[in-house]
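Below is one structure, written out as structure tokens, with a few remarks after it.
Within every chain, numbering begins at 1; the chains are lettered A, B, ... in the order of the sequence lines, protein sequences first and strands thereafter.
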There are 2 protein chains.
Amino acid sequence: MTALSRVNAHWTTSDYHVSRRGIPAVSVKWDGEGSEVNATSADVARHAGVSRATVSQVLNGYADRFAPETAAKVYASAEELGYEPSAAGRTLRRGSSDFVVALLPHTTFGGHLQDLFEQMSVALADHGYTLVLRIAGAATATLDRLVAGMKPAAVWSFAPFTDDERAVLDRRGVLAIDPPSVTQVDHNRAIGQLQARTLIEHGYRRLAFAHLQDERHDPFGFAREDGVREVARQHGLDEIDVTNVALDLDSAVRALDGLSAPGVAVAAYNDDVAMALLSAARLRELEVPRDLAVIGMDRTDLSRIAVPRLTTIEYDIVAASEAGTASLLQALGAGAPQPAAAPAVLHLIEGETI
Amino acid sequence: MTALSRVNAHWTTSDYHVSRRGIPAVSVKWDGEGSEVNATSADVARHAGVSRATVSQVLNGYADRFAPETAAKVYASAEELGYEPSAAGRTLRRGSSDFVVALLPHTTFGGHLQDLFEQMSVALADHGYTLVLRIAGAATATLDRLVAGMKPAAVWSFAPFTDDERAVLDRRGVLAIDPPSVTQVDHNRAIGQLQARTLIEHGYRRLAFAHLQDERHDPFGFAREDGVREVARQHGLDEIDVTNVALDLDSAVRALDGLSAPGVAVAAYNDDVAMALLSAARLRELEVPRDLAVIGMDRTDLSRIAVPRLTTIEYDIVAASEAGTASLLQALGAGAPQPAAAPAVLHLIEGETI
DNA sequence: TTGAAAGCGCTAACAG
DNA sequence: CTGTTAGCGCTTTCAA
């Protein structure tokens with residue numbers, strides 16, 4: 001995994017390489033040479049000796065209305081010509097396209113997000129949908145253009161829609177799918193709860209939560225904090241401390257100084273925050289975990305490399321995404337059977353920091 | 001920045017929230033109540049008291065062919081009705097859409113990539129294009145479907161296209177833009193050179209390069225290694241050592257043991273690799289930078305938090321992306337003036353590890 | 001069991 | 001200066 005790894009090439013304008021193959025003036029000959037480009041359904045029909053209507057029907061799942069050999073001819077013809085239906089034509093006729101737009105959250109954009117989208121891409125492709133991605137934070141005006149222009153079958157978001165996004169999607173009448181904030185909160189709460197329970201099991205009685213202090217909007221931190229607090233109360237502990245950590249050493253040291261360490265056990269928003277606190281502890285010559293205990297969240301590669309290794313929680317994004325995909329397909333009316341039960345997605349990763 | 005931060009919510013199928021606003025049967029009344037959804041150019045024309053052709057012309061940059069007040073009526077009408085042209089209709093007519101597909105490299109997917117795409121989104125939107133993202137590396141069959149169906153104005157890639165991708169794009173006759181591998185190599189070479197020069201300026205005479213050993217394809221490492229080697233030779237140093245580091249402690253320790261430290265100065269593929277080596281050095285009780293010098297690449301947040309702070313190189317992705325966007329627009333025929341000179345994109349970040 | 005015809009929204013050529 | 005017309009590729013009645 002290379003969650004940390006950044007993009008790392010650069011170029012100048014003149015360095016780019018542009019190519020476009022000559023587009024043949026007429027689309028299809030008699031299968032003359034090599035595979036053809038951009039065959040239309042009319043081409044397929046002619047090649048198969050049937051009408052365009054027949055091609056359309058057969059290729060859209062109504063093959064059983066036709067004689068088997070007719071259907072076979074159509075399939076063969078489409079295959080030979082490398083036919084892919086034009087999204088434009090179909091969209092125009094049907095009123096909405098087969099594209100599904102997924103909004104990429106700007107907040108969390110780790111290395112594993114692509115695994116999620118890859119899983120979704122494949123699952124959706126099986127049902128004839130094509131997944132495209134959009135940066136969520138980008139101006140909602142361009143979202144409006146995208147939705148109005150592309151007429152996607154659905155817009156899906158990993159994080160709850162902002163009010164602006166919601167307004168645009170409603171106005172354009174597009175199927176909009178996001179996790180309702182309530183549940184999102186509950187699940188993030190579960191993360192906080194797991195962190196707190198783990199700390200308490202290890203004997204800690206003074207808990208704290210360290211937020212990531214970031215310029216970007218953080219939709220998750222407060223729910224996690226609540227999860228920690230809740231468990232602390234259930235165990236009759238003192239009210240938890242709450243602090244903010246930006247990803248620089250000064251900020252981490254300041255946060256640590258405010259924490260009335262030694263002896264406190266911190267649930268960190270994520271592994272970055274946890275690592276920052278560990279560095280701060282080292283500067284202050286606190287011993288981990290004796291003087292300061294820390295549990296992270298995410299199981300980044302670097303958290304495993306740290307000395308001592310960070311105790312953290314792993315989130316199985318692929319397992320989680322399968323559930324998300326299922327709900328998306330269900331909303332689209334593509335009868336995906338529901339998975340029997342939600343799979344476990346949270347795993348405690350042992351380290352030496354608690 | 002939260003390059004490290006992973007996605008961190010989870011959900012089950014039943015948790016998702018689905019909504020679709022009722023779509024009005026008829027698109028436009030006499031501007032009766034609130035803004036209308038999905039007005040067509042015919043609606044705009046009727047509302048403005050002109051023909052559809054006039055609307056089309058005015059809205060596509062030929063307003064000067066008409067009387068000023070006619071154009072004004074059209075603009076006002078479109079505005080009032082919230083008109084966004086249908087991509088499907090336009091695509092059908094024109095043969096290609098206004099979408100530009102950007103392929104997301106699977107290899108490097110750091111937190112800053114979204115800044116790049118945001119910059120591109122805005123720049124393209126100014127010229128009437130809409131950027132959508134695709135995970136590269138996902139089955140090329142779905143790329144084929146996407147290209148054949150969406151008929152994008154261009155497909156742009158940050159990393160050179162694979163042969164499969166190139167074949168699909170050629171076959172569909174779509175404008176394909178990627179950095180040619182030669183230049184890509186040269187620029188990565190510049191990164192290696194800068195690392196080596198920096199180490200040498202600090203007095204080191206025995207250099208090494210540490211690759212990231214990763215399951216994913218690494219298109220950049222070898223060029224960087226070459227850059228380091230080249231500078232080492234120019235300065236008459238011994239041949240450089242080369243090693244591989246996976247992102248776990250065992251691997252890093254093994255690599256370090258093979259390096260004939262103490263005394264060696266390592267140019268790391270990226271900050272992750274550098275951090276792994278620093279952890280290994282700590283385990284082996286080597287003192288940094290006396291026994292082991294390390295320079296990274298990327299300037300991750302955690303590299304700044306490390307004690308001692310990592311000396312590294314920052315890559316200004318937004319400056320770099322501007323050049324990329326310019327070349328894209330140029331290829332699209334949207335006459336973007338070339339930036340005068342390529343901006344500096346590589347910056348040395350001082351730390352205490354060399 | 002299959003085909004003919006209409007029309008989705010748009011733009012380009014041409015006519016007035 | 002502006003409008004009429006045709007047709008991009010597809011799917012969906014409806015008729016044969």
Query - Basic-acidic side-chain contact under 4.0 Å: A:Arg166, A:Asp163 - result: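 No, A:Arg166 and A:Asp163 are not salt-bridged.
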How is [X] classified with respect to the nucleic acid when contacts are heavy atoms under 4.0 Å: base, sugar-phosphate, or nothing?
X	answer
B:Arg65	base
A:Tyr62	nothing
B:Ser56	base

Query raised in the report: With side chains defined as the heavy atoms from C-beta onward, is the minimum distance between A:Ser51 and A:Thr54 less than 4.5 Å?
Result: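 Touching, per the 4.5 Å side-chain cut-off.
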Report summary line: Picking from D:dT4, C:dT11, D:dT11, the nucleotide nearest the side-chain atoms of B:Ala53 would be D:dT4
Query raised in the report: What nucleotide, of D:dT4, C:dT2, D:dT12, holds the atom closest to the side chain of A:Arg94?
Result: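 My answer, after comparing the listed nucleotides, is D:dT12.
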Report task. Could you go through the side chain to side chain contact (heavy atoms under 4.5 Å, CB included) check for A:Leu103 and A:Val155 one step at a time? Result -> CA-CA 7 Å; A:Leu103 257 30; A:Val155 176; 4.2 Å; yes
Report task. Ignoring backbone atoms, test whether A:Thr54 places a side-chain nitrogen or oxygen under 4.0 Å from the OP1 or OP2 oxygen of C:dG3. Result -> yes
Query raised in the report: Counting only side-chain N and O atoms of A:Thr70, is one of them less than 4.0 Å from OP1 or OP2 of C:dT2?
Result: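 A:Thr70 to C:dT2 OP1/OP2: side-chain N or O found under 4.0 Å.
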Distance, rounded to the nearest Å, where [X] contributes [atom1] and [N] contributes [atom2]:
X	N	atom1	atom2	value
A:Asp98	C:dC8	CG	C1'	15 Å
B:Leu59	C:dA12	CG	P	13 Å
A:Gln57	C:dG3	CD	C1'	10 Å

Query - Contact summary for A:Asp178 and A:Phe161, nearest pair of heavy atoms - result: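 Shortest heavy-atom contact: OD2-N, 2.8 Å.
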Query raised in the report: Using a distance-only test with no angle check, is there a side-chain donor-acceptor pair under 3.5 angstrom linking A:Thr142 and A:Arg134?
Result: yes
Query raised in the report: Just checking, any donor-acceptor pair under 3.5 angstrom between side chains of A:Ser157 and A:Glu165?
Result: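 On atom types as modelled, these side chains do not qualify, holding no pair under 3.5 Å.
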Query raised in the report: Heavy atom of residues 84-93 of chain A under 4.0 Å from DNA chain D: which residues?
Result: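 Heavy-atom cutoff 4.0 Å gives A:Pro85, A:Ser86, A:Gly89, A:Arg90, A:Leu92, A:Arg93.
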